[in-house]
Amino acid sequence: MKSFKYILNIIFSFLLVILLGLNVFSGVLSFIVFNPNYYIDKFEENKFYDNVLQEVNSGFENFIYQSGLPENTIVNLATDDMIKADINSIVLHIIENKELVLSSDKIREELDVRISVFLDKENRTLTKNERENITKFEDLIVSSYEESILPIRDFIDELKSIYDKIFNLYNKVKLIPIIGLIIILFAMFMVNKKSKFDIVNFSGISLLSIGVLLRLLENVVLKNIDIDNVIVFTSSLTSAFQYIFKDIIFGLNLLGNWIIVIGICFILFYSIIHGSETSKNNVNK
């Protein structure tokens with residue numbers, strides 16, 4: 001009977017490891033993957049907005065020298081607030097299905113005003129051909145801005161489609177790991193009614209196991225993925241992607257450390273209690 005109970009506890013411990021792993025994965029999806037605030041915070045930490053602004057200004061410079069217009073025409077044409085608002089709009093569009101709104105019209109309007117002011121100062125009247133060239137220049141500046149913010153529009157649409165599918169599936173199954181965990185703990189409690197501290201021991205073993213697996217995950221992932229050489233469209237996106245990827249991996253590693261500590265505490269607590277009970281039984285004999 002004792003051996004059967006021990007086998008059941010081993011099975012429960014194994015299932016507990018799986019369910020704890022699923023709950024950790026569910027937590028990563030809930031608090032990171034489907035949380036727009038996480039990305040916004042990491043973009044701030046990584047100076048992603050500043051890097052994008054530099055790329056936007058660099059793109060503007062490629063056209064200003066060809067236009068014959070003064071360089072100050074594009075100085076501060078795109079602002080920090082514009083960049084943040086547009087990037088955040090993309091994040092919210094992908095994750096929360098909100099309308100994607102970019103500052104393209106504001107860029108065009110401000111550029112048009114600056115060009116008009118310059119022409120008034122120069123007391124120049126544009127010919128039809130010059131007006132067409134000015135329109136083409138504005139189109140190029142707006143296009144350059146949008147390409148810096150949205151390197152590949154089709155990719156954003158594809159990413160949103162993937163997010164939607166994963167999110168819909170997640171909503172359907174997100175309670176399963178929690179319910180499964182409750183069922184397994186209840187089953188362990190029923191099997192170990194007469195020796196409740198055995199639950200602490202086997203739970204500790206499960207926690208220790210999942211903690212070690214999370215620690216190993218960092219080594220396995222970083223050894224097999226050369227994340228520092230992964231390139232994602234632009235320099236700013238590459239830097240942000242690498243930063244977020246490492247943040248998630250290192251975060252799971254830190255979580256693994258805490259789970260290991262908790263698991264060891266459970267096992268030590270059981271050992272102390274079990275050792276104390278054994279000593280009392282020997283004395284009574």
Side-chain angles (χ1 to χ4, degrees), residues 1-35 37-38 95 162-224 247-285:
M1 184 65 182
K2 283 186 177 180
S3 60
F4 179 69
K5 176 184 167 183
Y6 183 79
I7 292 171
L8 278 179
N9 280 322
I10 292 294
I11 294 172
F12 289 150
S13 296
F14 177 73
L15 293 174
L16 206 56
V17 170
I18 295 174
L19 290 166
L20 284 170
L22 289 174
N23 275 285
V24 169
F25 180 66
S26 178
V28 169
L29 290 176
S30 178
F31 296 107
I32 295 179
V33 178
F34 300 132
N35 180 11
N37 292 325
Y38 171 80
I95 298 177
I162 293 171
Y163 257 84
D164 290 342
K165 290 175 182 176
I166 295 175
F167 185 72
N168 291 334
L169 178 61
Y170 168 74
N171 275 334
K172 291 177 182 177
V173 302
K174 64 181 179 181
L175 293 178
I176 293 177
I178 298 173
I179 294 171
L181 194 61
I182 293 170
I183 291 172
I184 290 299
L185 289 173
F186 178 75
M188 289 178 74
F189 177 80
M190 295 302 293
V191 169
N192 297 282
K193 271 185 178 181
K194 295 180 180 179
S195 53
K196 295 182 178 63
F197 285 111
D198 284 350
I199 301 174
V200 176
N201 182 42
F202 285 103
S203 296
I205 293 170
S206 297
L207 287 168
L208 184 61
S209 300
I210 192 64
V212 170
L213 288 173
L214 288 173
R215 285 292 308 273
L216 289 173
L217 179 67
E218 178 188 359
N219 294 326
V220 172
V221 170
L222 294 183
K223 280 184 179 178
N224 289 280
D247 182 74
I248 293 172
I249 295 300
F250 294 153
L252 288 173
N253 181 62
L254 180 61
L255 177 63
N257 289 338
W258 281 106
I259 293 176
I260 287 172
V261 170
I262 295 170
I264 291 173
C265 288
F266 273 36
I267 294 169
L268 288 175
F269 177 74
Y270 168 79
S271 299
I272 293 169
I273 297 299
H274 183 69
S276 176
E277 288 181 348
T278 303
S279 298
K280 284 180 182 180
N281 291 333
N282 290 335
V283 170
N284 291 334
K285 287 180 181 179

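If you read the sequence from its start, that first residue is 1, and numbering goes on from there. As the structure is a computational prediction, the values presented were derived from the model and not from experiment.
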Heavy-atom distance under 4.5 Å between the side chains of [X] and [Y], does that happen here?
X: L222; Y: F250; result: yes
X: L181; Y: L22; result: no
X: S30; Y: N35; result: no
X: Y38; Y: I248; result: yes

In Å and rounded to the nearest 0.5 Å, what is the [atom1] to [atom2] distance from [X] to [Y]?
X: L169; Y: K174; atom1: CG; atom2: NZ; value: 12.0 Å
X: I32; Y: N37; atom1: CD1; atom2: CG; value: 13.0 Å
X: I184; Y: F14; atom1: CD1; atom2: CZ; value: 11.5 Å
X: I7; Y: I10; atom1: CD1; atom2: CD1; value: 9.0 Å
X: I18; Y: N23; atom1: CD1; atom2: CG; value: 12.5 Å

Which residues pass the side-chain contact (heavy atoms from CB on, under 4.5 Å) test with [X], sequence neighbours left out?
X: N168; value: none
X: I176; value: V173
X: V33; value: V28, L29, Y39, Y163
X: N201; value: I205, I267, Y270

Return all side-chain donor-acceptor pairs below 3.5 angstrom for residues 251-259, not counting sequence neighbours, or 'none' if the list is empty.
| from | atom 1 | to | atom 2 | distance (Å) |
| --- | --- | --- | --- | --- |
| N253 | OD1 | R215 | NE | 2.8 |
| N253 | ND2 | E218 | OE1 | 3.1 |
| N257 | OD1 | R215 | NE | 3.4 |
| N257 | OD1 | R215 | NH1 | 2.8 |

Verify, without hydrogens or angle tests, whether S13 (side chain) and N9 (backbone) share a donor-acceptor contact under 3.5 angstrom.
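Answer holds: yes.
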
Scan L16, L208, I262 and name whichever one has a side-chain contact (heavy atoms from CB on, under 4.5 Å) with S203.
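Exactly one candidate clears the test, L16.
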
Output every pair passing salt bridge (charged side-chain N to carboxylate O under 4.0 Å, His left out) with a member in residues 247-258, not counting sequence neighbours, ordered by first then second residue.
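Applying salt bridge (charged side-chain N to carboxylate O under 4.0 Å, His left out) to every pair that reaches into residues 247-258, excluding sequence neighbours, yields K42-D247.
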
For V191 and F12, which heavy atoms make the closest approach, and how far apart are they?
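Looks like CG2-CE1, 3.6 Å.
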
Closest non-hydrogen atom pair between L19 and P177, with its separation
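Shortest heavy-atom separation between L19 and P177 comes out as CD2-O, 4.0 Å.
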
Check the angle between the aromatic planes of F34 and Y170 and answer parallel, tilted or perpendicular using the 30° and 60° thresholds.
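F34 and Y170: tilted rings.
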
